[in-house]
Structure formats: structure tokens, C-alpha cells
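Beneath this line is the structure, given in C-alpha cells, with notes to follow.
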Amino acid sequence: MIRKNDISRIMVFVFVLFLILCYCPNKLLAQKSSKIEVKVGVIQNLGTDFGKFSLSCINMALKDFYNSNPSYKTRLILHTRDSKSDVVEAAASALDLIKNVKVQAILGPETSMQAHFIIELGNKAQVPIITFSAKSPSLTSLRSPYFFRIAANDSSQVEAIAAIVKAFGWRQVVPIYVDNEYGEGIIPYLTDALQNVDAQVPYRTVIPPTATDDHISGELYKLMTMQTRVFVLHMLPDLGHRIFAIAEKIGMMGNDYVWIVTDGIADFLGSANSTVLDSMQGVLGFKTHVPKLKELQNFTARWKPQFQRENPTIVNPPLVTFGLWAYDAVFGLAESVEEIGKASNFSFESVNSVNSSTDLGSFGVSRTGFNLSQALSKMRFKGLSGEFKLVNGQLQTSTFEIINVNGNGERKIGFWTVENGLERVLGFGDNKGKSKHSGLNTSLGPIIWPGDSTTAPKGWQIPVNGKKLRIGVPVKEGYKEFVNVSFPFSNDTVSGYSIDVFKAVLEALPYSVSFEFIPFADAFGNAAGTYNDFVYQVFDGKMDAAVGDITIRANRSLYVDFTLPYTESGVYMIVPIKDDRSDNAWAFLKPLTWDLWVTSVWVLEHRINEDFRGPPYHQIGTSFWYSFSTMVFAHKEKVVSNLGRFVVIIWCFVVLILTQSYTASLTSLLTVQKLQPTINDVNQLLKNKEKVAFQKGSFIEGILKQMGFEDHQFMIYNTPEDLYQLFENGSKKNGIAAAFDETPYIKVFLAKYCSKFTMVEPTFKADGFAFKDTNCPDPNNMFSSNSLGLESFWGLFLIAGVASSLALVIYAAMFIYEQRHLLMNSDIEPSIWRRLMAIFKTFDEKDLNSHTFKKNEAGERSVIDLSSPNTNCPPSPSGFSVHTDSSFVYGEQGVSSPNRNVTQPTDQETVVISAVELTCPNQDSRENLNS
């Protein structure tokens, strides 16, 4: 039974409950209606693990954001669309969201291929497109102000890959990438980064997204036949896992292989099963570094159980970096919407689309799109993936983790940062302030390489099952010192200097090269053509390379590449030599040529020296005598006048130089060069139409034709013995006068016949630059005359000539001045000719006024003055006396001669006859009166 008080209490409770039920829903409804709803589209492939991860993180981000900010006036309302991994489906979803739903922003799409068209739609409708997974660098080129990438650009990791390549010294890298915009976008950046560390990309392997296992196997087998063993794999996980499974099956995951994966695969290693991990043992990978913050640990602890409840079929789901970027993207978008929400009208403005028959021309433009993009660009906060900061719409990433797949998972071995390069512990590297490529492999932790090896692979290997290099070798009869090919043919029957050089180069390489020699010969073992034909075999693809005595020529370099020359080059002329030792008996005449003998004696002496006067035969004899005697300073002729002494001083100086030069030249002739070439000049061969020879198949034939030789002058030889026989025959007996060949061949020939032949210039270059003027002989002729001529002493003769001429002019002036009365006085001889003859007659007589005669005048006068009263003895019968009268002059022994215009001596003159001895009859009174 219910008491009255209980009834009262129940009625009060029911009334209060009624009030609550009536009031609270209205309040909640009013509170809900006060929030501004902003529509946001989401485009993801909901059928993949990636799509499920992303959508889960987006939903949790919205829940966490508004739980943390309950007072915010705006709320993001998601409208999700499934792209089904199809570009057209993704584009259609975006068009629907913009036109029909009128979303203010779109999160997605998932791939770079889908993003390209959707970005164009967002730019047209001024709707921000925010992706956290489309990472291709090519999207940046669209330069849309409404495109935002909350993810690391793929190009940001190429520098880290290049640093690893440099650290281990790998020189070649082969990219393997998917054949779409995602795969192709990174390749230009990767190639440039590798080139910056002196690594090359010799070839690339492109795998279609829908490639079959057979297609993948075929591409990998091609790689096995090549030398490079460093591969960079850039694609999404599904295709990447298939490639590693096939690579392990065919043996490409063993020793000497290097596999590097980008973050497209490395970020999902946590979700890979054990079978996939087993096939990837030893792989290196790059992941975007995410700081281990407390907030991240808390989020991970909440997210995993939530995701497991929503997706029970996915066991142990990993929290990938893409999920964290999606979480931060929602936070940034929600904060930006709240910032502009109070003053914005989240609606679309209609656009006139007259006569538009497509959906693209009929949707409007967002009224808040510009403001929203501006707010998003300026947004800064600390997110789960790190600092949220956009530069030109791009999230900035500067640190990558380097991981090594080992055992049942991945192992962190180091980091790469823009500031420090490679370092084992983040922030404690030894490379601070250095290049982003700096660092060594010692900056990393221990690495387990494919094949369970701890030794870093060298990056290349000669494929065992690959083709051998086909190395062509020439076949020739002669000069086998360079290349000698014997038959029956094998690799061991090829020898010679060129082959030794080739093998030495291969041994110096840090790897082995498998090759086989291919002889350039016909079915009979003879040469199959010229060396030009031989070189063209490489260009034609019949040989991979050619080895031998192959000269570098300009025309050949148009088709093939040459190594550096390993021997000296150049074309020389070979000619016989003659021995001139038979002329040694007269070698003493050679140092001074005949013109020097005549000029040095006659020109300088015949006018000024009395000893060189007289008949021509007397002058010639005296000139030769004086020339030889002055060379040893044994001349007996006296020089008494000052002008004569001046001339003799100069002459003695000249003689001193001449004698020293004569001695040196004669010594050279007798002791140095005895052999001379029969021909010194190519023009001599052309002028005389001489026959010349060159080696069979040589390019020298073309050079000779350019010089002017004709076909009938050519002789061809194969061996040094053939060439010797052609020289022995001579040009008139079906032989040759000279031969042309390259320096190495000439040295081989001269080594056998050095005593009979020599090498003569001019030289023609044989290194690809064959331009030389053949009309001008080389000035550096190795055979020249050792004789001295006038041109050797023109300076000396100039001095002597000037001195002699000056002395002659002074003497002539003085003599004419002294005899001026003969020229001026017409009383003596009226005829000018008679007066000139008198002058020359006087010039031929002695100058008795010279001091050389006056100093002995006293002694001479006492001997020969016959009229002196002091003479006690009569003249000797042998004495020489002169009696003068008006008509006769008495000469020797008193014989009279007609007076022929002889001037009579005056009272002051005395006729002097030198060297006369007067003898007295009395022996006691005899005196020797010689002056």
C-alpha cells in the first residue's frame, strides 16, 4: 500500500522529469544549430589498406580536434567518395563534390595520377585540394595557389640516396620505377643528384603498374646480364613486393647486389607479411623521420584498437607516416576554417555558363576559397608528424631515417639531414656545417646486405650468363710485334704489344671483363679490308670494340670513340743513308768555304799592304801564304804606318775568331756526324718523280696523294723485309727512293736496318689533326752542313771592312793633299792625263820622307854618298853606284840607261841604296858600315 507522502514524491519526480525531457532536447538542438557546418570532400580508395588507414586517421583527427576545441563555431562535415584506384573515378568524384555537394575543400586524392586533373578542377572552382599522399614532383609544376601537399615531396629524398651512393663509392645506379606519373616524376631529380656525386645512370628499368610476373621476370633477367648491381626501387608497395619476390626467385637477392627503396615502400614495411620480408633481406630504405613525441605515442595507443574494431581482418596495423600527415592535414584545415568562419559565407557563387554542354562549364566558384587558401598557407603548429609549416603549399621535410631490412622487420642504421649529411645518431654527427653529400659509410650502423653479407658490395659484377665483349683484332702479314694473329684461331693465339696493353688495362680495372677476340679476316685468314673498314665494324655493331695498332684519325673518330694513345704518333719519311767518311782526307778544307778564303785575304789586304802588290800571280801566292800564316801568327811582314797597324789590329782580331771557329768546325767534321740521308726534302721526291712506298691498308696513301704524289709512284709493302728489298732495288729497278710510315713501325724497321736507313722529317700528325703545309720543309732538319761560310762571320767582316775602308780613305786624302801641286800645276805637264799618271807613279814609289827612313839617314849617307871627302877607301867593285847627269841614269854595275823623265836630285837629296857594303883595300882599315 502506497502512502500519501510517497505519492507526493512520485508526482514531484515525474514533473521534474517532464521538464527535463521538454527542455534539454530544445537546448541541445539550439546548441547544435548554432554551429556552422562546412562541407569537406574526401577522395580515397576505400578498398585498400592505405585508404582505410587514411580515413581512420581523418575521422580520429576530427574527433580529437573538436574535443579539444568544443567552443569553436565551425564544424567540418565529411563527404567521402571511393576512387576505386581509378583516375576517371577520382575525377568524377571531385566534380560531383564541387558541383553538387559544393564542398569548400577536398582531402585527397590518393595518387599523383588522380591528383593532376583534380588540382585543375580545384583551381577553376577556387576550392583548396589538400593531399597527403600524392608526392610526385611533377605536381609542383602546376603552380596552383589552391593545391596543398601535406607530405614530403619525392624529390626531397634523392639527396639522401646520393649520399649513400657516394659513401660506398658506387659509380653506377639503375633506377627501377613504375611507369606512371608517380614513378617518372622522381627520375630527373635522382639523375641530377647522382651526377653530383660522380655516379651515372647507365640505363633504366620501367615496370607497368599492371605488369605480369613474366614481364617482371624478363626485365630482371635483362638486369642480370648487365654489370651494374645497384638498384633504386621507386613504386608503391604492392608492385614492389612482387618484384622482390621474383628477384629472390631468380637469384638477384644474393651477394654483390644492392637494393635501395624509397619511402613509397619503406613507409609500409611495418604492414608487410613475413613472406615479403624474407624476400627483402638486406634492402636499404628511406623513411621520413617523425619525432617520437608523447602526443604521437598517445595517439598510437588510441588509434590501433579503434582501427582494429573497424577493420577486424587487418592484423597488427602499422601507423604509417601517411596517416600522420592525414591527421595533421585535418587539424590544419579545421583550424583555418575556424579562423575565417565568423566572417565568411561558405557558399558558391554561380557563374554564367551560356551554351555550356558540359559539367565543367556549369559549376560555380567558392566564395571562401581564396581566404581559406590564404589561412592554410599561414598556418603553423606542432603536429604528430612534426612541425606543420607550408612553403609554397609544400610541407617542408629535411630529415630521413635510413633503415635496413633484417630478420622479421626493419632496423634503423642512421639518418640523413640537409645540414649534416649522413650521421648515425641524429644531432650528433661529425659533419656539421659540411655539404649535404658529406659523410662516409662509417657514419652508419652495421648493415646486413643481401645474401646475409656484412661486406659492402662493390656495386658491379661481370655477369656469368651475360654475353662476352667481342673485341676485334686486325690480321696482317708484317709488324707482328704489335698484333700477331695465328691460326687456328683462339683467344690464346693473339699476341703482340697492343694486345699486352689491352690485357694490362683489363687487369688494372677493379672488376673482371669477359671477352673474346674476333679476327678481322676473310675465310682464308687474310685481312678483310683496310683499317678504316676495320674500325667501321665497331660502328656497325659487328664488334663491341677493336684492339690493335689503330691510328687515331679524324674520319675514324666520326664513327667510334678512341682511348688515349698508348704510343707516340706521327708520319715520317724513311730514306737510305750514305757514308761521307771517304772525304775525311780533305776535311781540313771544309771548315772555311772558298768564298771566305778569297774574301778574307784579298779584299782586306791587296790595296793597303805593300807585300800584296805586284803581278796577279804574285798577289794570289801572297794571299794564300798570308792567310795560313796569320792563323798561327807566323807572318813576317812588317806593318809600319799607324793606319796599317790599326787595320792589322782589327784583322788579327778577325783572324783569332776565324781560327777558333775553324778549329771547332773541323773537330765537328772529323768526330761527329758521318752519315747523311740521300734525300732531305719531300719536294725532291716530287720533282724527280721518285717512287715511294707505304704499308698496305694504311691511311698514309691519302696523305701522299694530298701532297701531290701520283698512283704510278706508289709501292706497297707488308713486312720490314719487303721494305728493305724495295730500297735495295732502287727507284730505277722497280724499287723506291723513300718510304712513309708511322713512328712505331719505323722504329721496328730501323731496329733491324739501322746502319743503312734513317728517319727524316717533316712530320705529319696522326692524332686526328692532319693539317700541315707540305711546301715548306721542316726547319729542324736533322742533317745540316757543318761548313762555315761568309754568313757566319758577316759581323766580323763588317768591322774589318769599315776599319780598312776608313784607313784607305784617310790615306788617300793625305796622299792627294801632299801631291796637290802635281794636280794643280799645269807648268809641269799641261795634260790632265799626264798629271794623273804622274800621281800614280809617285804613289808607286817609296815615301822617303817617312820617319822610318829618316831615323837611319845619317848612317846610310856615310856609306853611299860617294862625293863625301871623308871617304878614305875607293868603292868596292861590287858596290851599287848611281851616276846622274842630264841624260843618263847609271844603274847596276855602272850600266847606263836612258833617262826616262827621271827627276834630277836636288842639292838636299841623296840617292840611297840600302844594304850596300863598301870594302877598303887595306884590311886593317876595313869598316862594316851597314845601316
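Keep in mind that the numbers below use all heavy atoms, side chains included, and drop hydrogens, waters and symmetry copies.
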So which pairs with a foot in residues 275-287 pass side chain to side chain donor-acceptor pair (under 3.5 Å), sequence neighbours left out?
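As it turns out, the side chain to side chain donor-acceptor pair (under 3.5 Å) pairs with a partner in residues 275-287, which skip direct neighbours, are Lys287-Glu410.
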Could you walk me through whether Asp544 and Arg470 pass salt bridge (Lys or Arg N to Asp or Glu O under 4.0 Å), step by step?
CA-CA 5 Å; Asp544 297 316; Arg470 297 167 298 171; 3.3 Å; yes
Please report the interatomic distance [atom1]([X]) to [atom2]([Y]), rounded to the nearest 0.5 Å.
| X | Y | atom1 | atom2 | result |
| --- | --- | --- | --- | --- |
| Lys135 | Thr262 | NZ | OG1 | 7.0 Å |
| Arg229 | Met224 | CZ | CE | 7.0 Å |
| Ser54 | Glu110 | OG | CD | 6.5 Å |
| Ile164 | Leu284 | CD1 | CG | 6.0 Å |
| Asp492 | Ser486 | CG | OG | 11.0 Å |
| Asn484 | Ile499 | CG | CD1 | 9.5 Å |

Specify whether [X] and [Y] have parallel, tilted or perpendicular ring planes, treating 30° as the upper limit for parallel and 60° as the lower limit for perpendicular.
| X | Y | result |
| --- | --- | --- |
| Phe487 | Phe489 | tilted |
| Trp170 | Phe168 | parallel |
| Tyr536 | Tyr559 | perpendicular |

Evaluate the criterion side chain to side chain contact (heavy atoms under 4.5 Å, CB included) for residue pair Met235 and Ile265; output intermediate values, then yes/no.
CA-CA 7 Å; Met235 54 190 61; Ile265 295 177; 4.0 Å; yes
For residues [X] and [Y], report the shortest heavy-atom separation together with the two atoms involved.
| X | Y | result |
| --- | --- | --- |
| Ser443 | Leu422 | CB-O, 3.7 Å |
| Pro208 | His215 | CD-NE2, 3.4 Å |
| Gly548 | Val483 | CA-CG2, 3.6 Å |
| Asp522 | Ala528 | N-CB, 4.1 Å |
| Arg411 | Pro446 | NH1-O, 2.9 Å |
| Pro209 | Val178 | CG-CG2, 3.8 Å |

Output field: ring centroids [X]/[Y] closer than 6.0 Å:
| X | Y | result |
| --- | --- | --- |
| Phe515 | Phe502 | yes |
| Phe244 | Trp259 | yes |
| Phe322 | Phe268 | yes |

For [X] and [Y], indicate whether the former's side chain and the latter's backbone hold a donor-acceptor pair under 3.5 Å.
| X | Y | value |
| --- | --- | --- |
| Arg149 | Ala134 | yes |
| Thr205 | Ile176 | no |
| Asp741 | Tyr745 | no |
| Asp154 | Ile186 | no |
| Asn196 | Asp192 | yes |
| Asn404 | Ile448 | yes |
| Glu184 | Tyr182 | no |
| Ser385 | Leu324 | no |
| Gln157 | Asp263 | yes |

Please evaluate residues Thr191 and Arg204 with respect to the criterion side chain to side chain contact (heavy atoms under 4.5 Å, CB included), reporting the C-alpha separation (whole Å), side-chain torsions for both, the decisive distance (0.1 Å), and the verdict.
CA-CA 11 Å; Thr191 302; Arg204 308 171 184 177; 3.8 Å; yes
Verdict with supporting geometry, Tyr257 and Trp449, ring pair (Phe, Tyr, Trp, His ring centres under 6.0 Å)
CA-CA 8 Å; Tyr257 282 90; Trp449 301 95; over 10 Å; no
Please step through side-chain hydrogen bond (donor to acceptor under 3.5 Å, both in side chains) for the pair Ser138 and Glu181, ending with a clear verdict.
CA-CA 8 Å; Ser138 63; Glu181 191 166 0; 2.9 Å; yes
Are more than 12 heavy atoms, taken from residues, nucleotides or ligands other than [X], located less than 6.0 Å from that residue's [atom1] atom?
| X | atom1 | result |
| --- | --- | --- |
| Asp540 | CG | yes |
| Asp533 | CG | yes |
| Asp561 | CG | no |
| Asn392 | CG | no |
| Glu477 | CD | no |

Do [X] and [Y] have side chains that approach each other closer than 4.5 Å (heavy atoms only, starting at C-beta)?
| X | Y | result |
| --- | --- | --- |
| Tyr221 | Met252 | no |
| Gln695 | Ile700 | no |
| Phe231 | Val173 | no |

Under 3.5 Å, is there a donor-acceptor pair between the Asp549 and Tyr497 side chains?
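No.
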Would you kindly say whether Arg171 and Thr228 are connected by a side-chain donor-acceptor distance under 3.5 Å?
no
Give the C-alpha distance, both sets of side-chain angles, the deciding distance and a yes or no for side-chain hydrogen bond (donor to acceptor under 3.5 Å, both in side chains) between Thr551 and Arg556.
CA-CA 9 Å; Thr551 304; Arg556 297 173 183 174; 4.6 Å; no
Decide, yes or no, whether a salt bridge links Arg242 with Asp213 under the criterion of side-chain N to carboxylate O below 4.0 Å.
yes
Salt bridge or not between Asp198 and Lys166? Use side-chain N to carboxylate O under 4.0 Å.
no
Mind running side chain to side chain contact (heavy atoms under 4.5 Å, CB included) on Ser398 and Val418 for me, showing each step along the way?
CA-CA 6 Å; Ser398 60; Val418 174; 4.0 Å; yes
Passes side chain to side chain contact (heavy atoms under 4.5 Å, CB included), Leu139 versus Ser112? Steps please.
CA-CA 7 Å; Leu139 298 178; Ser112 298; 4.1 Å; yes
Passes side-chain hydrogen bond (donor to acceptor under 3.5 Å, both in side chains), Ser156 versus Asn153? Steps please.
CA-CA 6 Å; Ser156 61; Asn153 192 324; 5.9 Å; no
